[in-house]
Amino acid sequence: MIPLFGTLFPGWILVVFAAAVVTIGLTAALRLVGISRAIPLKPVFNLALFLLVTFILWEFLYGSH
C-alpha cells in the first residue's frame with residue numbers, strides 16, 4: 001500500500017494522476033469509436049468520469065485498509 005502522506009509522492013497525488021491518465025485514455029477511446037459526439041455536455045461528462053475513476057481507484061487502493 002502506498003502511504004497517503006509523508007513521502008515524496010503521497011498516495012493521493014498518485015491516485016489523481018492515475019485517474020487523469022485513465023480518463024484521458026477512456027475519452028480517447030470514446031472518440032475513436034465515435035461515441036463522443038453523442039455525449040452532451042462533454043466537459044461535465046469528462047469531469048464526472050474523472051471523479052468516478054478517482055473514487056474507484058481510491059477505494060481499490062485504500063478502501064479495504
Side-chain angles (χ1 to χ4, degrees):
M1 182 169 113
I2 302 168
L4 286 175
F5 303 104
T7 61
L8 182 61
F9 291 108
W12 66 269
I13 292 175
L14 295 175
V15 168
V16 170
F17 178 74
V21 170
V22 170
T23 302
I24 291 169
L26 287 174
T27 305
L30 289 175
R31 185 171 294 162
L32 285 175
V33 174
I35 299 175
S36 67
R37 285 187 223 141
I39 299 170
L41 300 173
K42 288 182 188 173
V44 176
F45 174 79
N46 290 340
L47 178 62
L49 183 63
F50 171 73
L51 291 175
L52 177 68
V53 171
T54 303
F55 289 134
I56 289 172
L57 286 174
W58 187 267
E59 283 298 318
F60 179 73
L61 291 173
Y62 298 108
S64 63
H65 298 289

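Note that the coordinates shown come from a computational prediction; the quantities given were computed from them, not determined experimentally.
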*Asks:* Please round to the nearest 0.5 Å and tell me the distance separating atom CG of L26 and atom CG of L52.
*Replies:* 9.5 Å
*Asks:* Taking all heavy atoms of R31 and all of S36, pick out the closest pair and write down the distance.
*Replies:* CA-OG, 3.7 Å
*Asks:* Say you draw a straight line from CH2 of W58 to OG1 of T54; how long is it, rounded to the nearest 0.5 Å?
*Replies:* 10.0 Å
*Asks:* Say whether F45 and L41 are linked into one hydrophobic cluster, either directly or through other cluster members, by side-chain heavy-atom distances under 4.5 angstrom.
*Replies:* no
*Asks:* Can you tell me how far the OG1 atom of T27 sits from the CG atom of L49, to the nearest 0.5 Å?
*Replies:* 5.5 Å
*Asks:* At what distance, to the nearest 0.5 angstrom, does CG of L61 lie from CD1 of I56?
*Replies:* 12.0 Å
*Asks:* May I ask whether V22 and I35 are part of the same hydrophobic cluster, defined by side-chain heavy atoms of I, L, V, M, F, W, Y residues being less than 4.5 angstrom apart, directly or through others?
*Replies:* yes
*Asks:* Atom CG of L14 and atom CG of L57: how far apart are they, to the nearest 0.5 Å?
*Replies:* 10.5 Å
*Asks:* Would you say F60 ends up clustered with V53 if hydrophobic residues are merged whenever their side chains have heavy atoms under 4.5 Å apart, either directly or through other cluster members?
*Replies:* yes
*Asks:* Identify the two heavy atoms, one from F50 and one from V16, that lie closest to each other, and give their separation to 0.1 Å.
*Replies:* CE1-O, 3.8 Å
